[in-house]
Amino acid sequence: MTRTIRIDDEVFAALQALAEPLVDTPNSALRRLLKLDLPASGGTPADQKTDDQGEAGFPQYGLVEFLEDGRLKAGQRLVWNRRNLRREYRAEVLGNGNLRVEGLRVFGTPSRAATVIAGNQQNGKHVWCTEAGVRLEDL
């Protein structure tokens, strides 16, 4: 459910300062500020298992099945081309099935990464593609 809130100009300016231009929405900036994008266990990133790159880990789901059956490889690059915004996002598949998005952070699923980027619900298997242009859902 979407709700409308009213904030004063000073709060909005502070929120803008926390947001990454053309990436964050007010909602995604607030979610990051309020730490609502942490793993479901409720812990902090420091409490979580880390991958081989030292990033905060998530439960092993997301792209694990793609790695296990060979449809993807650790280190493989994925692309989301948002033509209407003239913006391209790039990500790397990690060995534990997570996705590291350039300029952002590590996400547990491609859908979560796309949803945070877009500021609204997205199907990550529909929007993320291999560098060859094949959607995850078509692999």
remark   = In terms of heavy-atom contacts, Pro110 and Gly62 come closest through CD-CA, 4.4 Å
task = To the nearest 0.5 angstrom, please state how far the OG1 atom of Thr115 sits from the CD atom of Gln121.
result = 4.0 Å
request  = Hey, could you give me the CZ/CD distance between Arg82 and Glu88, rounded to the nearest 0.5 Å?
outcome  = 12.5 Å
ask   = If two hydrophobic side chains count as joined below 4.5 Å and joins carry through other members, does Leu104 share a cluster with Trp80?
value = yes
Return all side-chain donor-acceptor pairs below 3.5 angstrom for residues 131-139, not counting sequence neighbours, or 'none' if the list is empty.
residue	atom	partner	partner atom	Å
Glu131	OE2	Arg90	NH1	3.2
Arg135	NE	His126	O	3.2
Arg135	NH1	His126	ND1	3.4
Glu137	OE2	His126	ND1	2.8

query = Out of curiosity, Leu72 CG to Glu65 CD, how far, rounded to the nearest 0.5 Å?
reply = 9.5 Å
request  = Using salt bridge (Lys or Arg N to Asp or Glu O under 4.0 Å) as the criterion, list what pairs up with Asp9, not counting sequence neighbours.
outcome  = none
task = Compare all side-chain heavy atoms of Gln122 with those of Ile117 and state whether any distance is below 4.5 angstrom.
result = no
ask   = Under 4.5 Å between side-chain heavy atoms, hopping through other hydrophobics if needed: is there a path connecting Phe66 to Val127?
value = yes
ask   = What pairs with Ala113 under side-chain contact (heavy atoms from CB on, under 4.5 Å), at least two apart in sequence or on another chain?
value = Leu99, Val101, Phe107, Trp128
Where at least one partner belongs to residues 120-130, residue pairs that pass salt bridge (Lys or Arg N to Asp or Glu O under 4.0 Å), sequence neighbours excluded = none
note = CD of Glu92 to CG of Leu78, rounded to nearest 0.5 Å, is 9.5 Å
key: Closest approach of Lys73 to Leu67 (non-hydrogen atoms, all atoms of both residues)   = C-CD2, 3.5 Å
remark   = Hits for side chain to side chain donor-acceptor pair (under 3.5 Å) against Arg77, two or more places apart or cross-chain, chain-then-number order -> Glu102
query = Looking only at atom types and distance, does a side-chain atom of Ser111 sit under 3.5 Å from a main-chain N or O of Gly124, one as donor and one as acceptor?
reply = yes
